[in-house]
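Notes follow the structure.
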Number of protein chains: 2
Amino acid sequence: MKKESTSQGVKEIARRANVSTATVDRVLHNRTGVSEKTKKRINEIIKELDYQPNLLASRLASKKIISIAAVIPKVSEETNFWEAPLRGVKRAEAEIKQYGVHTQVFFFDLNDKDSFSSTIAEVLRGDFQGVLISPSYIEETKKFAAQCAERKIPFVFLDSDIPDLHSLSYIGPHLFKSGYVGAKLLTYRLDRNKKILIINISKEIDNFNYQKIEEGFRGYFADRGQPMEIVRIDIRETDYQSVARHLTYVFHLNKDIGAAFVTNSRVHTVASFLKNSHRTHVSLIGFDFVTENVSYLENNVIDFLICHRPEEQGYRGIMALYQKLVVNAPVSKLSYMPIDIVTKENYEFYQN
Amino acid sequence: MKKESTSQGVKEIARRANVSTATVDRVLHNRTGVSEKTKKRINEIIKELDYQPNLLASRLASKKIISIAAVIPKVSEETNFWEAPLRGVKRAEAEIKQYGVHTQVFFFDLNDKDSFSSTIAEVLRGDFQGVLISPSYIEETKKFAAQCAERKIPFVFLDSDIPDLHSLSYIGPHLFKSGYVGAKLLTYRLDRNKKILIINISKEIDNFNYQKIEEGFRGYFADRGQPMEIVRIDIRETDYQSVARHLTYVFHLNKDIGAAFVTNSRVHTVASFLKNSHRTHVSLIGFDFVTENVSYLENNVIDFLICHRPEEQGYRGIMALYQKLVVNAPVSKLSYMPIDIVTKENYEFYQN
DNA sequence: TATCTTTACGGGCACGTGCCCGTAAATTCT
DNA sequence: AGAATTTACGGGCACGTGCCCGTAAAGATA
């Protein structure tokens with residue numbers, strides 16, 4: 001089992017074009033110093049042979065190191081959600097390290113806009129050829145995108161999207177559809193005459209996301225002409241006490257709530273409240289495979305979790321940049337993750 | 001951005017040990033021709049430096065081609081299920097081709113034991129260093145495993161497992177749990193006093209799989225002490241006419257069937273029957289993201305499909321062999337795929 | 001002791017690409 | 001026309017590893 005020894009690659013092209021490999025190389029990397037005539041001739045041969053450069057040799061010979069920055073929220077006490085994308089980033093890193101690609105992860109505090117800004121500034125000061133970023137704050141991200149455009153640095157949005165900023169790619173959920181699926185699951189066994197409660201717990205960040213999810217959720221009922229009575233509540237503090245206070249009030253006003261839909265991963269806080277107040281008959285659905293949520297899934301307090309393979313997201317985000325920067329292959333602008341349904345029965349095999 | 005020019009790898013080891021790179025190479029590949037003394041010295045340095053060979057250079061320099069065979073059923077009119085694993089295999093192939101790994105796919109007829117045997121024989125005649133195989137026929141697979149063991153060829157089982165044959169790895173679903181999830185989904189909105197029908201359509205192949213799935217299905221009710229009335233039927237012909245005939249009979253005998261569970265991807269045949277006989281009020285669940293099934297999902301005839309990322313399976317199967325043969329890294333013996341729940345609402349984002 | 005065999009190692013080319021450096025030839029400038 | 005500059009290209013080393021071949025030194029045999 002030997003490789004075929006037919007002279008391959010650049011050498012073969014050079015032989016056929018009657019030039020040296022250096023000249024072929026110049027054409028391949030469209031550098032200057034080649035006459036139009038020979039350039040054309042070489043390009044024809046390249047096409048004819050359907051030449052694919054040997055990545056091994058290429059990366060081995062190249063002294064360049066490509067640096068990619070990943071900007072994601074740090075794991076907080078509140079949620080360990082971002083552990084998963086981080087794992088994905090690390091997995092991708094390990095895989096492409098041998099190609100001379102270096103990744104550096106920057107963490108910011110999800111509850112602190114300044115931390116986001118300063119992290120971005122730090123990244124821009126560094127010499128990175130590509131950036132993977134979770135665009136948590138819209139205005140700051142816009143500025144960042146402008147800077148990247150100026151320096152021709154490709155960037156990929158992770159987990160939530162901000163359209164029209166010319167990102168290389170968006171990798172994350174289709175928010176509308178996620179809400180849609182949530183509605184389906186929630187009403188699967190719900191009485192028609194019960195009310196539904198939409199709960200949005202967050203400190204005013206990525207409104208855009210929640211809005212899209214809620215649209216999807218309501219869209220489901222619109223599509224089937226089922227005008228359910230839907231109550232909604234925004235809670236701007238994320239601690240248990242605040243959430244409990246607000247929820248107590250809502251449940252006091254609405255005695256006949258049969259189901260609750262939480263628009264993000266903080267569903268475990270609601271689960272905790274429902275359990276403590278002996279309201280576990282209320283169907284509960286939320287997002288993300290984080291430890292607290294899973295334990296309430298186990299206890300039957302949360303009925304379903306909707307997940308979007310966060311680890312896979314991290315992995316794909318880095319790989320998209322790798323494809324662009326190293327392989328120079330086209331990258332699809334939108335990469336929607338599957339909308340996974342996780343229950344008590346299948347969670348143990350769930351792979352982020 | 002330059003790579004650190006510190007002399008790396010084998011050369012550095014050689015320098016420290018005061019030998020040539022050839023000698024280090026001999027130690028690394030434990031070939032003969034090195035005295036115990038120097039061998040020990042070199043090994044110590046290797047450990048000290050935590051030397052990781054550069055795969056790029058290694059594969060580039062090596063003239064060896066590694067050949068992997070993949071043995072899977074061919075796509076039939078009956079089902080296009082195996083398209084997905086094939087895609088996965090191709091994807092893996094494209095990725096590792098540059099490392100001098102060559103894959104060849106062999107197809108057999110799922111309904112023809114002889115075709116399976118002869119394909120296996122063909123593979124064994126060829127010079128392959130690893131085999132990925134869908135072990136459809138148990139006895140034949142046992143013989144195959146014995147032959148592989150003799151020739152020290154690692155093999156990976158795909159989609160269904162036969163334990164105790166010392167496969168390098170099993171990549172596929174956890175069958176028991178899949179049945180368990182099916183039961184949960186089926187009964188989610190089922191009347192207590194309705195009967196459940198288990199349908200097994202197949203020509204006697206991989207009994208083992210169906211048995212495990214059914215165990216899981218029944219296990220769900222056992223766990224909750226819900227003694228549902230369960231009717232089961234085995235159908236040994238896979239064409240629509242035969243299935244319809246058998247089902248007509250069963251539904252005639254049992255007027256109060258509220259839900260049906262099909263143990264494999266042939267659920268679309270049942271869906272067709274239910275639709276034709278105006279029995280779409282019966283909940284229906286089955287397996288696999290194949291075209292026909294998806295269309296019945298769209299029509300609301302099939303409620304849920306349970307899927308196991310077949311493309312991912314094919315991909316991982318090849319990559320497991322790659323890990324073993326090229327990287328020489330350990331491979332986990334069991335790799336259970338997630339149990340995905342696919343509905344009308346989320347199927348469009350399902351990624352095999 | 002002279003010849004043959006074995007052991008233990010070093011030298012060096014090859015893999016395909018990147019890229020620096022050198023230089024005839026062509027072009028432009030005095 | 002001669003000098004200076006630019007253009008267009010070739011030679012060749014380097015990347016880290018695999019592996020063939022050659023050879024001193026040690027040991028075995030006559």
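Naming: A, B, ... by sequence-line order, numbering from 1 per chain.
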- Can the positive tip of A:Arg91 be found less than 6.0 Å from the middle of the six-membered ring of A:Tyr315, inside 45° of the ring normal? yes

- What nucleotide, of C:dG18, D:dC9, C:dG16, holds the atom closest to the side chain of A:Leu60? C:dG16

- Message: Checking the side chain of A:Arg151 only, and the main-chain atoms of A:Leu124 only, is there a donor and an acceptor separated by less than 3.5 Å?
- Response: yes

- Message: Just to be sure I understand the rule, does B:Thr32 reach a base, reach only the sugar-phosphate, or reach nothing, if contact means heavy atoms closer than 4.0 Å?
- Response: nothing

- Under 4.0 Å protein heavy-atom contacts per nucleotide of nucleotides 21-28 of chain D, with B for base, S for backbone only and - for none: --------

- Between A:Phe128 and A:Val123, is any pair of side-chain heavy atoms under 4.5 Å apart? yes

- Note on the structure: Against the side chain of B:Ala22, the closest entry in C:dA14, D:dC19, C:dG18 is D:dC19

- Take atom NZ in A:Lys40; do more than 12 heavy atoms of anything else shown fall under 6.0 Å from it? no

- Message: D:dA8, OP1 or OP2 - any side-chain N/O from A:Lys37 closer than 4.0 Å?
- Response: no

- Where the side chain of B:Asn54 is concerned, which of C:dT17, D:dG18, D:dG16 is the nearest nucleotide? D:dG16

- The residue, B:Tyr51 or A:Ser35, whose nearest nucleotide of DNA chain D is more 5′ is A:Ser35

- Task: Decide side chain to side chain contact (heavy atoms under 4.5 Å, CB included) for B:Ser134 and B:Phe157; before the verdict, give the C-alpha distance in whole Å, the side-chain angles of both, and the deciding distance to 0.1 Å.
- Result: CA-CA 6 Å; B:Ser134 162; B:Phe157 284 150; over 6 Å; no

- Who passes ring-ring contact (aromatic ring centres under 6.0 Å, His included) against A:Tyr336, sequence neighbours left out? A:His174, B:Phe349

